[in-house]
Amino acid sequence: MGEIAALRDAIADLAFDGATVALEGFTHLIPVAAGQEIIRQGRRDLTLVRMTPDIVYDQMIGAGCARKLVFSWAGNPGVGSLHRFRDAVQNGWPVPLEIEEHSHAGMANRYVAGAAGLPFAVLRGYVGTDLVAQTPNIKPITCPFTGEVLTAVPALNPDVGIVHAQRADRAGNVQMWGITGVHKEVVLASKRSLVTVEEVVDHLDPRPGAMILPHWAITYVAEVPGGAHPSYAMGYSERDNDYYQAWDAISRDRDAFNAWLAGTVMPEVRA
Amino acid sequence: MSWSADEMMTIAAARALRDGARCFVGIGRPSTAANLARRTHAPDLVLIYESGTIGAKPGTLPLSIGDGVLAETADTVVSVPEIFNYWLQPGRIDVGFLGAAQIDRYGNINTTVIGDDYRSPRVRLPGAGGAPEIAASCREVIVIVKQSPRAFVERVDFVTSVGYGSGPGDRARLGLTGRGPALVITDLGILEPDPETAELTLTQVHPGVDPAQASAATGWPLAIAGTLGTTPAPTAAELAALRELNRQAGPEEAR
């Protein structure tokens, strides 16, 4: 538990064809390097789960890793559309992509239920929207105490949950701070997990506001400096806004994307 | 002094925010307007971003809802489940700021798909994000969207976020706790729901705009208020503050 491993070995052990895989990180601490390792290992038919599919999921979808996407907002933040995602939904390229669509509140609560070992979560949400008709995983539920009708969404329990964090100690305890999104929830909700970190240190100095995930709640920890790029790790790196901008042109065209994939992702060898 | 329609729109949106209000802010124009308000008439405006940053006080415009500057300057940073469950859902937030790809005459918003077939859309848009619950639970909603027949449609292709549904009484029937869209601010003027019919009605035009322009940019027969107001022109201070924000943030294409 909390075993320190090489990224390649951790992904090889965790991710299998057909698995449900969630990579999380709300703008901050997105495990991009781990997603690209999944591409390199050629995984197929994945159900990809993520609240905000952005560049790394566009890359995984364009590379043909995904059969299905479960999400609540798919875009290139501050830039525009995800062109590989759109091509998959609108044209089935490179393979058809089934979608299951939620709101942020719904997805966040699905992780909460998953982490809590409950079968579903209850919220005030979705009512009156057309999402209800398109997503079978949104159902009304009546409160047994007041009779009020609310909304239920089922727990998310991915086969694999992956996040990035600032650092870990040698026992595999993970420390993270800043915007932590649904990091805790996805790790606890998933059957197995991987946390990539900027660095592995001898001792985790206490930090105000920092969150610790104990080693025994995590399957693998992998040291991947810069593993969140082009997103960022507060205290270690800045968000690379130019990359998000540049992705628009690369992803717009199938050939440009394939060339980028062959030139940038596929050759990379990590220790 | 001259200004662009875009600047007028952002300034009108900033003015709609009262000092001290707690405001749920999306990235892009809502964030620009909210930060402008904080630099002009509303220094105590509480900016809340769905990334979990409460009371953010960014010195420069953030480029994403999760920029480091938001976390560094926030009163507190909470998880995403907490921001939705503890802060938004019970009605603790006064104003929700939303954009739209399409909006209809009852203020319903579409940010999901263009086209009749959800499974095979003409254009796939990013989707819901936080918007459905922001539209449901904030005490009121302000929508910022450029006015055009493509955006202002009789009926949205997909209801991502509920405005007034199909008319008066729908929000109460659905159990939505917030009041719904109070203002729709465009590059041409301001629309408000009619108190009787809930239909979006042009109540104000920006300086130099003819109401006929607004009608032409609307995909349904636009109701125009009997006493149509004119938005006060931007002040020199407002324009200077807005331009300084934009200058610091860099060229627009990088945002």
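Small disclaimer: the values here were computed from a predicted structure and weren't measured. Because only heavy atoms are used, hydrogens play no part in the values below, and waters and symmetry mates are left out as well, while side chains stay in.
Interface remark: B:Val78 contributes no atoms to any contact with chain A (heavy atom separation under 4.5 Å). At a 4.5 Å heavy-atom cutoff, the contact between B:Ser79 and chain A is made by backbone and side-chain atoms alike. Of the two parts of B:Glu50, the backbone and the side chain both hold a non-hydrogen atom closer than 4.5 Å to a non-hydrogen atom of chain A. Within the 4.5 angstrom heavy-atom criterion, only side-chain atoms of B:Asn85, from C-beta onward, approach chain A. For A:Met107, no part sits under 4.5 Å from any heavy atom of chain B, backbone or side chain. Only the side chain of A:Glu185 comes within contact range of chain B, judged by heavy atoms closer than 4.5 Å. Neither the backbone nor the side chain of B:Ile134 comes within less than 4.5 Å of any heavy atom in chain A. If you measure heavy-atom distances from A:Phe85 to chain B, the contacts under 4.5 Å come from the side chain alone. Looking at A:His183, neither its backbone nor its side chain comes within 4.5 Å of chain B, counting heavy atoms on both sides. Interface residue A:Arg124: backbone and side-chain heavy atoms are both found under 4.5 Å from chain B. Contact annotation for A:Tyr111: neither backbone nor side-chain heavy atoms come within less than 4.5 Å of a heavy atom of chain B. Neither the backbone nor the side chain of B:Arg173 comes within less than 4.5 Å of any heavy atom in chain A. When heavy atoms are compared at a cutoff of 4.5 Å, A:Val112 approaches chain B solely by way of its side chain, counted from C-beta outward. In this structure, chain B has heavy atoms under 4.5 Å from both the backbone and the side chain of A:Ile99.
In this structure, the side chains of A:Pro77 and A:Asp54 come closer than 4.5 Å at one or more pairs of heavy atoms.
Taking CG of A:Leu213 as the reference point, atom OG1 of A:Thr180 lies at 9.5 Å (rounded to 0.5 Å). Interatomic distance, OG of A:Ser72 versus CD of A:Glu101, reported as 8.5 Å (0.5 Å rounding). Separating the CE atom in A:Met51 from the CH2 atom in A:Trp73 is a distance of 12.0 Å, to the nearest 0.5 Å. Interatomic distance, CD1 of A:Ile55 versus CD1 of A:Ile30, reported as 8.5 Å (0.5 Å rounding).
No side-chain donor from either of B:Thr112 and B:Tyr118 sits under 3.5 Å from a side-chain acceptor of the other. A donor and an acceptor atom, one from each side chain of A:His164 and A:Thr196, are located under 3.5 Å apart.
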Problem - Pair B:Phe24-B:Ile83, side-chain contact (heavy atoms from CB on, under 4.5 Å): steps then yes or no - result: CA-CA 10 Å; B:Phe24 210 99; B:Ile83 201 78; 4.2 Å; yes
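Note: B:Val123 leads B:Leu70, B:Val123, B:Thr111 in heavy-atom pairs under 4.5 Å with chain A.
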